[in-house]
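Data block below; observations after.
Model, not experiment: these values are computed from the prediction. Below, chains carry the letters A, B, ... as their sequence lines are ordered, and counting in each starts from 1.
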Number of protein chains: 2
Amino acid sequence: MGRVKLKIKRLENTSGRQVTYSKRRAGILKKAKELSILCDIDIVLLMFSPTGKPTLCLGERRYHPFHPPLSS
Amino acid sequence: MGRVKLKIKRLENTSGRQVTYSKRRAGILKKAKELSILCDIDIVLLMFSPTGKPTLCLGERRYHPFHPPLSS
DNA sequence: AGTACTATCGTTAGTGA
DNA sequence: CTCACTAACGATAGTAC
């Protein structure tokens, strides 16, 4: 996406990695939340920034102990 | 995306939830892999399908014990 | 269940402040 | 670094098989 195609390989520029991380982290967190709501599923997403800062996403599903599969 | 806008709320149709889950699971797994490679980070993604089947993604980063932040 | 197609919407790379 | 903008690329809803 964006203005040009981006090859999927490690970004060599440090600040570039951080900027790309910030943008894509927001995108994937949104995707995870959408998926958990749309499909009513449990999801866990844990990631560490290029500087080591962790982000944890636990989805939006209301809690069900022992994660029983849906019957409906 | 897709042909029409989709409201982000629980899909009431069971098979629709499963189809949407399959498509979006593929999308988010690709995003997670791309993010881990581009930004050279650790990422963990765990999710359960509407029928309870788990999927685990551990990212593509080469292993670093104790997850040291990048120095460069 | 899974694959293929594709119009349409969503994400984001590059840019500037 | 963070925010806003937007052209252009990417993901996906609906469909057909």
(request) Looking only at non-hydrogen atoms, find the nearest pair between B:C39 and A:T20 and report the distance. (result) SG-CG2, 3.9 Å
(message) If hydrophobic clusters are built from ILVMFWY residues whose side chains come within less than 4.5 Å, do A:M1 and A:Y21 share one?
(response) no
(request) Quick one: closest heavy-atom pair of B:L46 and B:P54, and the distance? (result) CD1-CB, 4.5 Å
(request) List, by chain and number, the other hydrophobic cluster members for B:L11, where Ile, Leu, Val, Met, Phe, Trp and Tyr join if side-chain heavy atoms come within less than 4.5 Å, directly or indirectly. (result) A:I37, A:L38, B:L6, B:I8
(message) Rounding to 10°, can you tell me the angle the first-five-pair axis of the helix from C:dG2-D:dC17 to C:dA17-D:dT2 makes with its last-five-pair axis?
(response) 40°
(request) Scan nucleotides 10-15 of chain C nucleotide by nucleotide, 5' to 3', and note B when protein non-hydrogen atoms come under 4.0 Å of the base, S if they reach only the sugar-phosphate, - if neither. (result) BBBBB-
(request) Return the minimal non-hydrogen interatomic distance between B:S36 and B:I43, and the atom names on each side. (result) CB-CG2, 3.7 Å
(request) Would you mind listing the cluster partners of A:V4? Hydrophobic ones only (ILVMFWY), side-chain contacts under 4.5 Å, chaining allowed. (result) none
(request) Please list all pairs passing the salt bridge (charged side-chain N to carboxylate O under 4.0 Å, His left out) test where one or both residues lie in residues 20-33 of chain B, with sequence neighbours left out. (result) A:E34-B:R24
(request) Supply the atom-to-atom distance B:M47 CE to B:I28 CD1, rounded to the nearest 0.5 angstrom. (result) 6.0 Å
(request) Shoot me the first and last contacting nucleotide of DNA chain D against chain A, ordered 5' to 3', at under 4.0 angstrom to non-hydrogen atoms. (result) D:dC1 to D:dT12
(message) Side-chain heavy atoms under 4.5 Å apart, restricted to Ile/Leu/Val/Met/Phe/Trp/Tyr: what other residues fall into the cluster of A:V19, or is it alone?
(response) none
